**Q** 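Structure in structure tokens, see below.
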Amino acid sequence: MACPERLKKRAEFLAAAKGRRQHQRCFTMQARRRSEAQGDAPRFGFTVTKKTGNSVIRNRIRRRFREIVRLHAAGDARPGMDYVLVGRIDALTAGFDDLRREFLSALHKIHSAERKPDR
RNA sequence: CCAGUCGGCCGGACAGCCGCCGUCGAAAGAUGGAGGAAAGUCCGGGCUCCACGGAGAAACGGCGCCGGAUAACGUCCGGCGGGGGCGACCCCAGGGAAAGCGCCACAGAAAGCAAACCGCUUUUCGCCAAGGAUUCUCCUUGGCUAGGAGUAAGGGUGAAAGGGUGCGGUAAGAGCGCACCGCGUUGGCGGUAACGUCGGCGGCACGGCAAGCCCCGCCGGGAGCAAAACCGAAUAGGGACGACAGGAGCAAUCCACCCCUUCUCCGGGGCGUCGUCCGGGUUGGUUGCACGAGGCCUCCAGCAAUGGAGGUCCCAGAUGAAUGGCUGUCACGCGCCGCAAGGCGCCAUACAGAACCCGGCUUACAGGCCGACUGGCGCU
RNA sequence: UGGGGCGUCGCCAAGUGGUAAGGCAGCGGAUUUUGAUUCCGCCAUCCGUAGGUUCGAAUCCUGCCGCCCCAG
């Protein structure tokens, strides 16, 4: 499972946008629990609006997000979750290690917030 | 060496590790993987479906010097004419204004039928003044008013004023006459042509704007790969209310009305129609889809655009949409530090990412390379 | 992908070949003890931008830039 599943439908994005949000310098992470079953893989989606820049900039931000997700999805993401990364312009210029740190931090904060209402 | 003009080209290179998409393969793996503009979507085609039939007319849109190239073009090439530049060279939607309509503000006497006005010249009558001859009166000169005739030189303007400059001519003037320039017309010569050139004739009339309407010539059916075809799934040709429902026939049905086919005629097709409300379903896959007006090399024809022949190559195919992340070495540029060697930095580089495919146009672009040419300066 | 429209002062806007109305806001002044109201004056000249046509362009034509809307 090197490449995790992707969100593809507009309705899935809208549903994720209603979940928890965690803002970072380079992106905003939106997350929603899709199902309680442990067998369901986590899924990711990316959003970069046209306001951010031209197609080269948007594609590059999306590709950097994909690389981050590829490296960390298996270990750090929770099964049954849908994540959406909304890119900002800083995601283009930030160092890759910084981007990675922000991603892990956002995951951690979302998960700890998720745990509280459950228990 | 400096300044400049034109044309063409490149637009990081080589590796390693981890990944992504396609193709081949049972697998391991092998192999291919963004551009000169892929962009804007401004033109022209291919392709697909619809109308697809016949005839005609009109409307609308586009184009517009000439010749050539091309599948076609609003593109390209070579000329012509006009304008700009010392020059290399650059720019131009560049048909028609004696078919018609319209416009030409302000200023100006007048802005489009060419005359009127102010003036200028001359003449007649009358009046006034001066001078001369002198009996009334007459003559000369000057001025004023009115009338007649001749004029278009001049009239602060204006973008533009019924050719321009000069000489002659005249009462004053005037193409009235002459020379040159311009214009019109006609003939010869050169050129496929646009056009050029030479000569004759005409004394000159014919202002500008058609990127105002328009006229002439040429071209154009509509929509677009979310086109379209196939497979599969699902739902079924729904229900309620209101309005309008002509004619023939016992009836099935047919015709009319209406709708579609740009318009009209013939022809063809659809059918109860329209409005409001309620309810239900599909939003998967494959093909289209990458061998093409294709790339590269050589030769030939042509000034060139381009065309022909031979050889050789197969070179992205995604669909929430594949090229990314990290690292090393080197080239180039810029900045900082340093006397220098060198070091450090710029996520180590502009504009920018294929979406059915081609030919163009337009726009964006860090830095660099090559060639041809022009004007200066210096040296030999 | 195809089609339509817009861009004029800080804001809303008129002007469709002859030198850019009007309103709101702002600034200055008058009236008023002060304020409000009222009145007067000022406020574009790079009409989104670059060219062209014309004697003359916000207006006509062409290319760009930005924004909005519609259909699938």
Side-chain angles (χ1 to χ4, degrees):
Chain A
M1 203 204 66
C3 180
E5 265 188 75
R6 301 277 298 277
L7 300 181
K8 293 189 175 179
K9 298 280 169 60
R10 175 170 168 80
E12 296 170 349
F13 279 86
L14 291 177
K18 288 181 178 155
R20 306 198 169 275
R21 289 162 183 251
Q22 183 59 47
H23 298 280
Q24 299 286 334
R25 191 166 61 89
C26 297
F27 56 86
T28 295
M29 178 179 279
Q30 302 168 336
R32 184 183 72 104
R33 176 157 293 279
R34 174 165 40 95
S35 77
E36 295 292 333
Q38 287 295 308
D40 285 351
R43 300 193 305 178
F44 285 89
F46 309 114
T47 297
V48 187
T49 64
K50 271 191 181 174
K51 209 183 282 184
T52 309
N54 60 22
S55 53
V56 175
I57 292 173
R58 297 199 304 271
N59 271 331
R60 196 169 176 84
I61 291 173
R62 180 170 45 76
R63 283 166 180 161
R64 304 190 90 195
F65 286 165
R66 278 202 341 179
E67 183 68 15
I68 294 278
V69 167
R70 187 181 69 82
L71 292 173
H72 294 283
D76 300 293
R78 295 285 172 83
M81 293 287 286
D82 281 350
Y83 302 95
V84 170
L85 293 176
V86 181
R88 305 174 65 174
I89 190 64
D90 288 328
L92 186 70
T93 53
F96 194 74
D97 289 335
D98 295 340
L99 203 59
R100 182 185 307 200
R101 224 172 288 124
E102 285 191 15
F103 177 77
L104 293 176
S105 159
L107 271 186
H108 178 74
K109 287 179 180 172
I110 291 231
H111 291 159
S112 58
E114 166 91 359
R115 197 175 297 117
K116 283 174 191 166
D118 287 0
R119 307 286 150 93

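The figures that follow rest on heavy atoms only: side chains count, while hydrogens, waters and symmetry mates do not. For clarity, every value in this text was computed on a predicted model and none was experimentally measured.
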**Q** Ignoring backbone atoms, establish whether A/Arg66 has a side-chain N or O less than 4.0 Å from OP1 or OP2 of B/U323.
**A**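 Yes, such a contact exists.
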
**Q** Between B/G310 and B/C77, how far apart are the P atoms? Round to whole Å, please.
**A**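 These two P atoms come out 30 Å apart once rounded.
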
**Q** Rounded to the Å, how far apart are A/Ile68 CD1 and B/G324 P?
**A**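 Between P of B/G324 and CD1 of A/Ile68: 16 Å.
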
**Q** I'd like the C1' distance from B/A105 over to B/A88, given in whole Å.
**A**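 Comparing C1' positions in B/A88 and B/A105 gives a spacing of 46 Å.
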
**Q** Going by salt bridge (charged side-chain N to carboxylate O under 4.0 Å, His left out), name the residues that satisfy it together with A/Arg25, two or more places apart in sequence or in a different chain.
**A**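 Testing A/Arg25 for salt bridge (charged side-chain N to carboxylate O under 4.0 Å, His left out), a comparison that skips the adjacent residues, returns A/Glu102.
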
**Q** Rounded to whole angstrom units, what separation is found between the CZ atom of A/Phe46 and the P atom of B/A322?
**A**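 A/Phe46 atom CZ is separated from B/A322 atom P by 11 Å.
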
**Q** I'd like to check the side-chain contact (heavy atoms from CB on, under 4.5 Å) partners of A/Ser105; sequence neighbours left out, ordered by chain and number.
**A**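 Applying side-chain contact (heavy atoms from CB on, under 4.5 Å) to A/Ser105 gives A/Gln24, A/Lys109.
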
**Q** For the C1' atoms, the ones on C/G2 and on B/G268, what distance do you get once it is rounded to whole angstrom?
**A**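 Taking atom C1' in both C/G2 and B/G268, they lie 30 Å apart.
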
**Q** Applying a 3.5 Å limit to both distances, which nucleotide forms a Watson-Crick or G-U wobble pair with B/G302?
**A**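 Its partner: none found.
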
**Q** Let's test this: given Watson-Crick or G-U wobble pairing with both distances under 3.5 Å, identify the partner of B/C167.
**A**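 Answer to the pairing question: B/G177, which forms a Watson-Crick or G-U pair with B/C167.
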
**Q** Under the salt bridge (charged side-chain N to carboxylate O under 4.0 Å, His left out) test, which residues partner A/Arg88, sequence neighbours left out?
**A**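 Scan of A/Arg88 (salt bridge (charged side-chain N to carboxylate O under 4.0 Å, His left out), adjacent residues dropped) gives none.
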
**Q** Does any nucleotide pair with B/C344 by Watson-Crick or G-U wobble geometry, both distances under 3.5 Å, and what is it?
**A**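 Its partner is B/G335.
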
**Q** What pairs with A/Val84 under side-chain contact (heavy atoms from CB on, under 4.5 Å), at least two apart in sequence or on another chain?
**A**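 By the side-chain contact (heavy atoms from CB on, under 4.5 Å) rule, A/Val84 matches A/Leu7, A/Phe13, A/Ala16, A/Gln30, A/Thr47, A/Val86.
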
**Q** Using the P atom as the reference point in each nucleotide, state the distance between B/C271 and B/A256 in Å, no decimals.
**A**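 It comes out at 15 Å once rounded to the nearest Å.
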
**Q** Which whole-number value in Å describes the distance from A/Glu67 CD to B/G325 P?
**A**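 To the nearest whole Å, that distance equals 8 Å.
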
**Q** Using the salt bridge (charged side-chain N to carboxylate O under 4.0 Å, His left out) criterion, which residues pair with A/Arg101? Sequence neighbours excluded.
**A**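 Expected list: A/Asp98.
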
**Q** Quick check: closest heavy atoms across A/Cys26 and A/Leu99, and the distance to 0.1 Å?
**A**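 Taking every non-hydrogen atom into account, CB-CD1, 3.6 Å.
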
**Q** Any idea if C/A58 is syn or anti, going by the 90°-from-0 cut?
**A**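 What C/A58 shows is an anti base, its glycosidic angle lying more than 90° from 0.
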
**Q** In Å, rounded to the nearest 0.5 Å, how long is the span from CG of A/Leu85 to CD1 of A/Ile61?
**A**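 It is 11.5 Å, given to the nearest 0.5 Å.
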
**Q** Grab the N/O contacts between the protein and nucleotides 345-347 of chain B below 3.5 Å, and write none if there aren't any.
**A**
| unit_1 | atom_1 | unit_2 | atom_2 | d |
| --- | --- | --- | --- | --- |
| B/C347 | N4 | A/Leu92 | O | 3.4 |

**Q** Could you work out, with side-chain contact (heavy atoms from CB on, under 4.5 Å) as the rule, every residue matching A/Arg60, not counting sequence neighbours?
**A**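 With neighbours one apart ignored, the set is A/Leu92.
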
**Q** Take atom P in C/G10 and the same atom in C/U53, then report the distance between them in whole Å.
**A**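 Going atom to atom, P in each nucleotide, I get 32 Å.
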
**Q** Grab the CZ-P distance between A/Phe44 and B/G324 for me, whole Å please.
**A**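 Distance, rounded to whole Å: 22 Å.
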
**Q** Parallel, tilted or perpendicular, judged at 30° and 60°: which one describes the rings of A/Phe44 and A/Tyr83?
**A**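 Ring orientation of A/Phe44 relative to A/Tyr83: parallel.
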
**Q** Mind calculating the distance between CZ (A/Arg63) and C1' (B/A322) to the nearest angstrom?
**A**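 So the CZ-C1' distance, A/Arg63 to B/A322, works out to 8 Å.
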
**Q** What is the glycosidic conformation of B/C315: syn, defined as within 90° of 0, or anti?
**A**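 Syn, angle within 90° of zero.
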
**Q** So which nucleotide does B/G217 pair with, by the Watson-Crick or G-U wobble rule with both distances under 3.5 Å?
**A**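 Looking at the geometry, B/G217 pairs with B/C63.
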
**Q** Name the orientation of the base relative to the sugar in B/G158: syn if the glycosidic angle is within 90° of 0, else anti.
**A**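 Anti, since the glycosidic angle lies more than 90° from 0.
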
**Q** What integer distance in Å separates A/Arg70:CZ from B/A322:P?
**A**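 One finds 15 Å between P of B/A322 and CZ of A/Arg70, rounded.
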
**Q** Hydrophobic clustering (ILVMFWY, side-chain heavy atoms < 4.5 Å, transitive) - are A/Phe46 and A/Val56 grouped together?
**A**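 Hydrophobic grouping puts A/Val56 apart from A/Phe46.
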
**Q** Suppose you measure atom C1' in B/C43 against the same atom in B/C76; what distance do you get, rounded to whole Å?
**A**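 After rounding to an integer number of Å, I get 14 Å for this pair.
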
**Q** Looking only at atom P, what distance separates B/G81 and B/C373, rounded to whole Å?
**A**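 It works out to 27 Å between them.
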
**Q** Write down the protein N/O and nucleotide N/O pairs, taken from nucleotides 350-352 of chain B, whose separation is under 3.5 Å; answer none if there are no such pairs.
**A**
none

**Q** Assign each of A/Thr47 and A/Arg100 to its nearest nucleotide of RNA chain B by heavy atoms, then name whichever residue's nucleotide is nearer the 5' end.
**A**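 Its nearest nucleotide being more 5', the pick is A/Thr47.
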
**Q** Can you tell me the base-pairing partner of B/A227? Count Watson-Crick or G-U wobble geometry only, both distances below 3.5 Å, and say none if there is no partner.
**A**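 Paired with B/A227, as far as the under-3.5 Å criterion goes, is no nucleotide at all.
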
**Q** Taking only residues two or more places apart in sequence or in another chain, which ones pass side-chain hydrogen bond (donor to acceptor under 3.5 Å, both in side chains) with A/Arg32?
**A**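 A/Arg32: no side-chain hydrogen bond (donor to acceptor under 3.5 Å, both in side chains) contacts found.
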
**Q** Quick one: look up who B/G202 pairs with, Watson-Crick or G-U, both distances under 3.5 Å, and put none if it's unpaired.
**A**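 The answer is B/C183, by the H-bond criterion.
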
**Q** What integer distance in Å separates A/Leu71:CG from B/G19:C1'?
**A**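 For the pair A/Leu71 CG and B/G19 C1', the rounded distance is 8 Å.
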
**Q** Pick the C1' atom in B/U261 and in B/U286, then give their distance to the nearest Å.
**A**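 My reading of the C1' atoms in B/U261 and B/U286 gives 35 Å.
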
**Q** Considering only heavy atoms from C-beta outward, does the side chain of A/Leu71 approach that of A/Glu67 to under 4.5 Å?
**A**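 Yes; the side chains approach each other to less than 4.5 Å.
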
**Q** A/Arg62 has an atom CZ; how far is it from atom C1' of B/U323, in whole Å?
**A**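 Between C1' of B/U323 and CZ of A/Arg62: 11 Å.
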
**Q** Is C/C67 paired to anything, Watson-Crick or G-U wobble with both distances less than 3.5 Å, and if yes, which nucleotide?
**A**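 Pair assignment: C/C67 / C/G5.
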
**Q** Applying a 3.5 Å limit to both distances, which nucleotide forms a Watson-Crick or G-U wobble pair with B/A88?
**A**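 For B/A88, the partner nucleotide comes out as none, under the 3.5 Å rule.
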
**Q** Does C/U54 sit syn or anti, given that only angles within 90° of 0 count as syn?
**A**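 Syn, angle within 90° of zero.
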
